[in-house]
Amino acid sequence: MDEFDSVPTLVQIPSDPPPRCHRLHNKLEGKFAVDVSRNYRIIFEGYDKDDELSVVRSEIVTVQILAIIDYH
């Protein structure tokens with residue numbers, strides 16, 4: 001959670017472990033995840049400066065956490 005608070009946009013959160021920020025696909029298309037543990041992920045949506053839903057990491061300035069789940 002501190003990482004979300006400390007960066008201006010989602011692009012500053014690494015896609016390498018940890019936290020391995022990545023876009024999701026299939027039934028979770030349009031959402032992102034970061035690793036919490038080996039199996040569990042924080043699932044969230046990203047919003048730009050106009051509070052519009054976005055999948056462009058460099059535009060995302062706010063996130064809404066949807067769940068913490070094991071989707072594997």
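Reckoned from all heavy atoms, side chains included, excluding hydrogens, waters and symmetry mates. Computed from a predicted model, the values in this text were never measured in an experiment.
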Do [X] and [Y] touch side chain to side chain, with heavy atoms closer than 4.5 Å?
{"X": "P19", "Y": "P14", "value": "yes"}
{"X": "I69", "Y": "I43", "value": "yes"}
{"X": "F44", "Y": "L10", "value": "yes"}
{"X": "R57", "Y": "C21", "value": "yes"}
{"X": "S6", "Y": "Q12", "value": "no"}

Look at the side-chain heavy atoms of Ile, Leu, Val, Met, Phe, Trp and Tyr, link any pair under 4.5 Å apart, and say whether [X] and [Y] land in one connected group.
{"X": "Y40", "Y": "I13", "result": "yes"}
{"X": "V7", "Y": "I65", "result": "yes"}
{"X": "V55", "Y": "L66", "result": "no"}

State whether the side chain of D48 and the backbone N or O of D50 hold a donor-acceptor pair below 3.5 Å, judged by distance alone.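 It does hold such a pair.
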Is there a donor-acceptor pair closer than 3.5 Å between any side-chain N or O of E59 and the backbone N or O of V56? no
Roughly how far, to the nearest 0.5 Å, is the OG1 atom of T62 from the CD atom of E52? 12.0 Å
Straight-line distance of D5 CG to E3 CD, nearest 0.5 Å: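 Rounded to the nearest 0.5 Å, the CG-CD separation comes to 10.5 Å.
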Pairs of donor and acceptor atoms involving the side chains of residues 26-35, under 3.5 Å and at least two apart or interchain, shall be tabulated with distances.
residue	atom	partner	partner atom	Å
E29	OE2	R23	NH2	3.3
K31	NZ	E45	OE2	3.4
D35	OD1	R20	NE	3.4
D35	OD1	R20	NH2	3.3
D35	OD1	R41	NE	3.0
D35	OD2	R20	NE	3.0

For Y47, is the OH atom crowded, meaning more than 12 foreign heavy atoms sit under 6.0 Å from it? yes
In sequence, state the C-alpha distance, the side-chain angles, and the governing distance for I60 and T9, and then conclude on side-chain contact (heavy atoms from CB on, under 4.5 Å). CA-CA 5 Å; I60 295 173; T9 67; 5.8 Å; no
